Amino acid sequence: LEKERGQVNFNVEELTNIYDGGAEETKLRRKVADVIQNDPEVRCKDIGMMTREERYIDGVRRCVYLYKVLLPREGWTPVSKEVKDYFKYRNIGKERSFGVHAGVFIPCLLSFGSDEQIAKWLPLAMQFQIIGTYAQTEMGHGTFLRGLQTTATYDKKNKEFVINCPEISAMKWWPGDLGKSANHALLMAQLVIDGKKYGMHPFMVQIRDLTTHMPLPGITVGDIGNKVGFETTDNGFLHLNQVRIPRENLLCKNAEVKPNGTYLTKASDKMVYGSMVRLRAIILESEAVSALGKACTIAVRYSLVRCQGELEPGKPEVSVMEYMTQQKKLLPYVAMTYVTHFACLKLSNQYNAFTREMDNNDISGLPELHALSAGMKAVVSEQCSDGIEILRKSCGGHGYSNASGIPIIWSSAVACCTYEGENTVMLLQCARYLVKCINQVQTTRMVGSVAYLNNMTQSTCHVDSVSGFKQLDVLVACFQYRAREVLKTAALKLSHLTKHGMASYNAWNQSSVELVNVVKAHITQFIVTTFASGITELECTKPVKNVLQQLCALYALSCINASTGDFLKVGYLSPRQCDLAHEAELELLSCIRPNAVGLVDAFDFSDDLLQSCLGAYDGNVYERLFAWAKKSPLNKTEVTIYQQYIQIRLIGRRKAF
Ligand SMILES: CC(C)(COP(=O)(O)OP(=O)(O)OC[C@H]1O[C@@H](n2cnc3c(N)ncnc32)[C@H](O)[C@@H]1OP(=O)(O)O)[C@@H](O)C(=O)NCCC(=O)NCCSC(=O)/C=C/CC(=O)O
Ligand SMILES: Cc1cc2nc3c(=O)[nH]c(=O)nc-3n(C[C@H](O)[C@H](O)[C@H](O)COP(=O)(O)OP(=O)(O)OC[C@H]3O[C@@H](n4cnc5c(N)ncnc54)[C@H](O)[C@@H]3O)c2cc1C
């Protein structure tokens, strides 16, 4: 790897600073990282060897120490900027407990609570005197929130809400930190007053005794069992049987119930969905993009040291990175990490701008933000988790071992396709907004992520060279035209079906498969346009700008070459131009190949965070692999009891024969 690092033609530290948002950001992040990763009490252990129970206990122990000892010792809190940035950009995946407490429960308390309620519960939550979960999803409903069955019925006489799960499917199911850790739940339930339903509302419900930690009366709570990943997190179940809470426990920033049962709304009913917009807008970096960056780091470093086969007959074996197929597997995902990182940054900045507008009672930006955050969450989480699996497979047999570190990275990242809104449902939410926009574009000027719809002129691509397809303005035009045309086609189908008598909901369902593709085209256009314009405005050295331009072009071309059918169908690219685009991608792979190790080094993931025998900075793969394997519990004794049992059984059977 040192030889590889010697041929990198740009300043790696400069790229790290750009990725972090500036040299000061990098310095701050590293300061937190040094403190956290050098403290033996907080460092990740070999989680690949642990049982589920060990992972949970280790996660709780590390996080209690982190939040109660280490952060206060350094004068930090869980929401200090440097701590949030550390966990945002260099997240240790779900290998930390209380992720929902810190990342969902506390922010939702701030979103839904009145000033008095925040003053009451926030200090307790920040000091971990209470551990909270966000209990919305039920066994029977996760997507269709209007179908949630848990009720909160107002009892005027006692000025209380009675929380009840009327049947098994109403049981809360999945909330993180719920199974064994949480003693409070920010619980979403259907509010009922005098038999009338007012929809989903947030309630603060204590579920365990603060001294004994035993479940309170009427509460049945526990862990839902082993999962694909998230093994450190105790996702749980919660059944409430006529549990009474004070009227003051309805989190009432947006709506309240007066003592006499009068219902008073203070904001749009869509604000109850606000917490999900926030999470979709901010989780992508920490849950999906940083996971992809870790997998890229591991797969690229391993592919540079793994020698396998002769490229030229009779010559020494080459590193597998010399094979074009390996470069095709890896480098577009290195590009995707950079490109989506900056697109996610733009989305979270847009969310922050919206919260400032919301403080001035202006929520006009909510429909665009909801659509963009839903679309980005679905497209980026799917692209990243699909990419991580391709990167795992690119490591051959060792990629199938937990020693590679990639299976655990994937099992966390892929969950992002489901939680915070199942991806298909999110894509269709974004499609709903896009169809409205295209139907208004003749009379209304579009802004924000749909501004490209204002240009409705028919055109084709005029590029006739390989180099022409490496130009960012050409690639941006390709994506904007494709996104607009596939949207127009889907909207025309919808309109045609309804004009011929089909009910609108049936027409929508009949068009939903195309609409999913429409949103993917729209979001890919947003990602490419954002990164391309960002590079133009970026102040950096020429070598860094050049490599970022190559990455943007590589990501764009890999997306074009994966969906040439769209570009042919809308008549924007000819078959020959598709061939030129393919050749342009291959040329870019070769251009970027010499910088591969520098591009992943710039992500600045420490060995401790990667937890990988294949991706360590020094490249000493085989020594690490063997040392790791020797720690297997099965190797504690030369002959395990099980082997003895098998021998006895086999011997016994031979005698019988
Ligand atoms: C699927 C949803 C959006 C359906 O909502 P619903 O009201 O039933 O129907 P509509 O599609 O007709 O929407 C009505 C109206 O509201 C707008 N809207 C919907 N969602 C939002 C939103 N978040 N922000 C703003 N506006 C919204 C929509 O655009 C319509 O507006 P019109 O003007 O067009 O009428 C809903 O059921 C939903 O969001 N489902 C997903 C549930 C979800 O996300 N669950 C996450 C649970 S928490 C979790 O997973 C935690 C994980 C822990 C961790 O992160 O570790
Ligand atoms: C790791 C993890 C952590 C989680 N943490 C939490 C938490 O802390 N708190 C919490 O409240 N929840 C949590 N959840 C639950 C999560 O939010 C839900 O699982 C998610 O919202 C999906 O809902 P569902 O499971 O009901 O899927 P469903 O909606 O039942 O999806 C099943 C299939 O139906 C399709 N489908 C559903 N509706 C439609 C539609 N209208 N149109 C087209 N297709 C449709 C979906 O696309 C999908 O293919 C977590 C889940 C996971 C996996």
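Whatever order the structure lists ligands and atoms in, that order sets their numbers, starting from 1. Residue numbers run from 1 in the order of the sequence given. Since this is a predicted model, take the numbers as computed values, not measurements.
When distances from atom 23 (O) of ligand 2 to the protein are checked, a heavy atom turns up under 4.0 Å. Taking a distance limit of 4.0 Å, we find that atom 33 (C) of ligand 2 is approached by no protein heavy atom.
Atom 27 (O) of ligand 2 has Thr143 OG1, 3.9 Å as its closest protein atom, hydrogens excluded (heavy atom only). Of the protein's non-hydrogen atoms, the one nearest atom 7 (C) of ligand 2 is Pro175 CA, 3.3 Å. The protein heavy-atom contact nearest to atom 15 (C) of ligand 2 is Thr137 OG1, 3.3 Å. The single protein non-hydrogen atom nearest to atom 38 (N) of ligand 2 is Val425 CG2, 3.6 Å, given as residue, atom name and distance.
Residue Thr143 places a heavy atom under 4.0 Å from ligand 1. Assignment of Leu279 to the shell around ligand 1 is not supported, since no heavy atom sits closer than 4.0 Å. Within the structure, the closest approach of Arg280 to ligand 1 falls below 4.0 Å when heavy atoms are considered. No heavy atom of Glu287 sits closer than 4.0 Å to any atom of ligand 1. Ligand 1 lies out of reach of Gly176, whose nearest heavy atom is not under 4.0 Å from it.
For Trp173, the ring-ring contact (aromatic ring centres under 6.0 Å, His included) partners two or more places apart in sequence, or in a different chain, are Phe237. Among residues two or more places apart in sequence or in another chain, the salt bridge (Lys or Arg N to Asp or Glu O under 4.0 Å) test is passed with Lys197 by none.
Checked by atom type, the side-chain pair Asp362/Ser364 shows a donor-acceptor distance below 3.5 Å. At a cut-off of 3.5 Å, with distance as the only test, a side-chain donor of Gln149 or Glu167 sits close to an acceptor on the other residue.
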